[in-house]
Amino acid sequence: MLENSMLYPRNSKTRRTVSLDGMWKIKFDPDSEGREKRWQDGLKDADLIPVPASFADFYTDKDIREYTGDFWYETDVFVPEEWKGNKVFVRFGCATHRAVVFVNGKEITSHEGGFLPLLADITENTRFNEFNRVSVLVNNELTVTNIPCGETRVLKNGKKMSKPYFDFYNYSGLQRPVKLVMVPEEYVFDFTVDHKLFGSDAEVSYSVVTTGKHPVEVRVLDEEGREVALSSGREGKLVIKNVRPWEVLDSYLYTFAVRILDGSRIIDEYTEEIGIRTVEVVHDSILINQKPVYLKGFGKHEDSDIVGRGFNIGMMKRDFECMKWTGANSFRTSHYPYSEEIYQMADREGFLVIDEVAAVGMFESLMNFMEASTGKKTAFFEKETTPQLLENHLKAIEEMITRDKNHACVIAWSLLNEPETTDKAAVPYFEKVFAKAHELDVQKRPRTFALVMNSLPGTCSCYQFADIISLNRYYGWYMMGGYEISDAEEAFRREMDEWKELGLDRPFLFTEYGADTSAMEHKLPSVMWSQEYQMEYLKMCHRVFDSYSFIKGEQVWNFADFQTTEGIMRVNGNKKGIFTRQRQPKDAAWYFRERWKSLPRDYKK
Ligand code: GCB
């Protein structure tokens, strides 16, 4: 079990949260001298920067944007007198990619992995009724032992530079909300639910972990606030008569209130809004509440102007509105677990989410998307460093599942994106990764990973691990693009015929297909990069998808244009968006709207 509770911080009768978002001090530490020189005792000559946000795109100085190494954040936090006798935490939605937290100069905790929460228990070092200095030493260097994978190089001028093995900008910093949290000494540490539907009723099995011995009760309230089920004990079953299940694009959320009681006194109360639904893969179908669903949607990024990967509540709202407008019902959190508020919104909107851990770049290449289709091999899972990578990967899976398990929206786990599977060395690695997810998820949601272009029926040694086979395919873009598109279609069909031959009896899903498109370019007849070519390419892909009954979903790459490292293959970022980075539609968005609005939920049932 994890050392820290992953439950989302909420107010209740017994709990308090205070947002620490706002302007924090920031200072770069290129020589990694801060710790030695005790910068944790107070940053001098620091700048101010918004939290949550990536630091990169605020500045006009390229050395700052590209900064790689250690950097410090600091703020002063007032802890009220009334909280004495309780536990006090500072909770960071993330600190990318790793961080050490200090309070009043004392080191409290550290965390590896930039896309899952960091909880610092500051109880022992808090000065109540006073301001407390919270300092965070963050580091954003990429390595092959941590996810996402990449390298850090030192330029001749001594400056460090990030070399990602993945196709998104290495944004970093305190990119998600930060909260000061108070919970009682004896508190609800973890809470897990699993659902079954019987006719018009539901049975919800639950388990509660607390930090003490007092009895526990769980109540379920409907959206009108009426109690519909009650059970006591750390484990039990809640029966909800005439349940209203959470449905695709038609959500219904019950409030689960978990209480620790001492007679009639409430020691702790934790509440969560939870949708009741089931998820299964049966033969080649994905079933939600025992009914087939065809996935329509996007691979996304947390990415926008100025704040970079920083959680942006306005952008989140706009993204959901745009997705609904296209008729989408799903997205993948490519290529890392997103900020928790996004899953809460997906729960509320009835969106289906494939939750992806940050295991991307597991192919040694700075242009993985290009090189994977050349047959290049990099022996990625045979390195001396592989055991260390595996350890970090498994820990991230545990944190992701623990954090996200109760979300109705999460219908599958994506455990890797485009790893090198053409080598048998990947097999034992995959075994451990897939077993871990199965062991941890009481709902036993389907597990998948996104297969790169050269992970083919005849070359991939790992597809058997996936409950849903997810393909990232670029026929007509990275291969046989432009006027060769007819050959691309043929090659695409040949591959799909080979998969069909295998008779896997599992659903297939396209987790990526797309063509870079400049929102400025129009050309008749089409050329690559024009809006006309994007449409031509998409129509070709859809003809292929529509020809195979086992293809049970399409998530186009990408929802919106996004920032990447600069290079000859990218025009200030990846332009495969169906929307621009400012979330305005390219022509293809209208085409998707027409297609997706007309495909029934159970298309190809
Ligand atoms: C991929 C990667 C994704 C890239 C995309 C592309 O296969 O999974 O991260 O952005 O291709 O556009 O090349």
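Ligands are counted one by one from 1 in listed order, and the atoms in each one are counted from 1 as well.
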Please list, chain by chain and in numerical order, all residues satisfying ring pair (Phe, Tyr, Trp, His ring centres under 6.0 Å) with Y169, sequence neighbours excluded. Y171
Out of all atoms in ligand 1, which are within 4.0 Å of some heavy atom of Y478? Include the element for each. 6 (C), 12 (O), 13 (O)
Is it true that F166 lies under 4.0 Å from ligand 1, counting heavy atoms only? no
Using a strict 4.0 Å cut-off to heavy atoms of N417, name the atoms of ligand 1 that fall inside it. 8 (O)
Is ligand 1 less than 4.0 angstrom away from at least one heavy atom of F562? yes
Please test I354 against Q555 for side-chain contact (heavy atoms from CB on, under 4.5 Å), starting from the C-alpha separation and ending with a verdict. CA-CA 10 Å; I354 299 178; Q555 293 187 329; 3.8 Å; yes
Looking only at non-hydrogen atoms, which of H301, K575, E512, M569 approaches atom 1 (C) of ligand 1 most closely? E512
With heavy atoms under 4.0 Å as the rule, classify the contact between N574 and ligand 1 as side chain, backbone, both or neither. side chain
Contacts of type ring pair (Phe, Tyr, Trp, His ring centres under 6.0 Å), residue H111, not counting sequence neighbours: none
Do Y8 and R403 pass the side-chain contact (heavy atoms from CB on, under 4.5 Å) test, and can you show the C-alpha distance, the side-chain angles, and the key distance before you say yes or no? CA-CA 8 Å; Y8 190 76; R403 190 192 74 160; over 6 Å; no
Within 45° cone and under 6.0 Å: K523 NZ/CZ vs Y533 ring: no
Answer side chain, backbone, both or neither: which part of M453 comes under 4.0 Å from ligand 1, heavy atoms only. neither
Under the 6.0 Å and 45° cation-pi test, does K300 pair with F559? yes
Ligand 1 atoms in contact with N472 (distance to a heavy atom under 4.0 Å): 8 (O)
Could you tell me whether the side chains of H407 and D347 share a donor-acceptor contact shorter than 3.5 Å? yes
Does ligand 1 have an atom that lies less than 4.0 angstrom from a heavy atom of R570? yes
